[in-house]
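I have placed the structure first, in the form of structure tokens, so that the comments after it can refer back to it.
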Amino acid sequence: MLSMKGRGAARLAAAVVASGLIAAGTIATAGTAVADDPAASHGGATATLGGLKTFDQAVVHGNGGDQRVGAGLFEMSVDNGGTLQTYCIDIHNPTQQQARYQEVPWSASSLHDNPDAGKIRWILQNSYPQVNDLAALSAKAGAGQLSEKTAAAGTQVAIWRFSDHAKVDAVDPAAEKLADYLEKSAQSVAEPKASLTLDPPAVSGKSGSKIGPVTVHTNADSVTISPAADVPAGVKIVGKDGKPVTSAADGTQLFFDVPKGAADGNTSLTAQAATKVPVGRAFTGIGEHAKSQTQILAGSSESTVSAAATVSWKKQGAIPAITAEKNCSKGGVDVTASNKGDEAFRFQLSGKDYEVAPGASKTVTVPVAEDHPYQITITGAGGFKKTFSGVLDCKTAGNGGQPSPHPSSPSTGGTTGGSTTGGHGTDLAETGSSSATPVIAGVALGLVVIGGAAVFFLRKKKTGQAA
């Protein structure tokens with residue numbers, strides 16, 4: 001059996017290979033209009049929602065009346081290995097089964113203009129599952145006797161009072177006592193740093209030079225650095241001293257060393273690490289699941305995190321690098337064009353013409369409607385074209401409307417006994433299981449993956465289980 005460290009290394013190796021293949025696919029499409037989601041530029045963990053796992057009941061009071069909902073911990077499976085536990089911070093939006101999520105800063109989520117965001121992080125640090133001594137937590141809150149389910153419910157209720165400013169109470173008296181204690185005791189705590197990000201995610205410059213820097217920001221002890229699978233001959237990833245780099249740490253500056261005479265081109269690098277994602281990081285839906293309710297991290301096992309950076313170079317002329325980032329405070333997407341060439345870079349965006357002088361950069365905020373898919377295209381001379389797409393999800397519907405039922409709301413049944421453990425080397429709590437969530441998830445997944453049933457049966461047969 002692999003140790004935790006061994007499993008982390010194995011997951012990391014697999015993730016590096018997978019990311020290299022993805023990067024190769026991206027470079028192969030250079031010159032076409034590739035659509036990027038700005039959220040992906042933040043890097044970090046990407047995960048799939050498994051459902052509400054440890055929960056009890058709460059009552060939300062709204063203009064349309066009272067509604068009972070499941071309140072507690074969700075569980076997510078991290079790409080290439082790892083498990084996350086999260087609470088909801090977006091009670092009025094629905095949760096989609098098997099939704100895909102990306103780690104993002106508060107500025108790219110509904111917490112961007114919330115003065116109580118720091119209090120939510122305090123609750124996460126001072127309640128379940130970070131505090132898993134339930135007897136001590138019960139005593140501190142004067143809550144009698146808390147179970148895992150009621151501790152999770154009380155914590156979720158307290159969070160909703162700050163994330164959505166909702167009028168919500170826990171059904172269980174002990175959970176309600178905990179919620180009241182957390183609400184009254186909460187203090188503002190600073191936003192946690194990203195598990196892994198590269199800044200900036202795109203650079204450009206002239207061939208025959210070191211292009212960068214791209215700075216690594218991470219809480220991991222070590223980060224593996226890999227070039228794209230089809231990196232052009234002679235192009236190397238180096239450090240500040242010009243020596244080739246295969247690993248990095250927080251604060252490391254990376255450069256793309258492009259030899260003189262190299263044909264005009266582009267490539268990328270991928271950074272990968274195995275680490276615990278900091279408690280309090282926000283997670284928003286991506287792709288077709290962009291409107292699945294926003295989550296906030298409560299606990300993490302050792303998980304695979306990644307980030308990527310691109311580079312383009314030319315011998316002469318305009319040499320642009322384009323990035324995009326959701327700007328919730330301005331209700332749009334910030335598109336930034338920098339130019340490291342010796343001629344002005346002229347481009348068109350949203351029907352307007354712009355110009356960036358050599359050595360300069362320009363940021364244009366493109367207004368985007370909340371909750372509606374957008375596609376932003378930048379075009380320039382010589383067939384230059386880059387497209388960013390996504391959904392702006394910056395607001396909660398906290399205006400007295402009814403909350404969206406959770407996958408395991410009271411109407412679908414309660415919880416059963418038993419628990420599963422997060423294992424060694426993790427700050428995940430032992431979590432109870434829901435009898436309702438697997439049924440609903442099974443129905444949803446069955447409709448989606450009927451075509452893959454043969455694979456399921458073959459796996460069952462191979463392991464000696466009855467198909």
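Side chains included, hydrogens not; waters and symmetry mates left out as well; all remaining heavy atoms used. As the structure is a computational prediction, the values presented were derived from the model and not from experiment.
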Donor on one side chain, acceptor on other, Thr48 and Gln98, under 3.5 Å = no

For the pair Phe345 and Phe384, name the ring-plane relationship: parallel under 30°, tilted 30 to 60°, perpendicular over 60°.
-> perpendicular

Donor + acceptor pair across side chains of Tyr374, Ser389 (<3.5 Å) = no

Asp334 versus Thr363, side-chain donor and acceptor atoms under 3.5 Å = no

Salt-bridged, Lys395 to Asp113, with N to O below 4.0 Å?
-> no

Salt-bridge criterion met for Asp393 and Lys326 (N-O under 4.0 Å) = no

Donor-acceptor pair, side chain of Glu75 and main chain of Thr54, under 3.5 angstrom | no

Donor-acceptor contact below 3.5 Å, side chain Asn266 vs main chain Thr310 = no

Using distance alone, with no hydrogens and no angle criterion, decide if Ser109 and Thr284 have a side-chain donor and acceptor under 3.5 Å apart.
-> no

Distance only, no hydrogens: is a donor on one side chain within 3.5 Å (strictly under) of an acceptor on the other, for Thr155 and Ser127?
-> yes

Does a sphere of radius 6.0 Å around NZ in Lys362 hold more than 12 heavy atoms from other residues, nucleotides or ligands, not counting ones at 6.0 Å or beyond?
-> no

Pairs of donor and acceptor atoms involving the side chains of residues 312-319, under 3.5 Å and at least two apart or interchain, shall be tabulated with distances.
unit_1 : atom_1 : unit_2 : atom_2 : d
Ser312 : OG     : Pro320 : O      : 3.2
Trp313 : NE1    : Ala263 : O      : 2.8
Lys314 : NZ     : Ala318 : O      : 3.2
Lys315 : NZ     : Ala262 : O      : 3.3

Paired with Phe347, the side chain to side chain contact (heavy atoms under 4.5 Å, CB included) test is passed by just one of Thr379, Asp353, Ile378, namely Ile378

Thr275-Asn219 side chain donor-acceptor pair, cut-off 3.5 Å = yes

Under 3.5 Å, sequence neighbours excluded: what are the donor-acceptor pairs made by side chains of residues 117-124?
unit_1 : atom_1 : unit_2 : atom_2 : d
Arg121 : NE     : Val279 : O      : 3.2
Arg121 : NH1    : Ala190 : O      : 2.6

So Tyr101 and Ser292, side-chain hydrogen bond (donor to acceptor under 3.5 Å, both in side chains) or not? Walk me through it.
-> CA-CA 9 Å; Tyr101 280 83; Ser292 189; 2.8 Å; yes

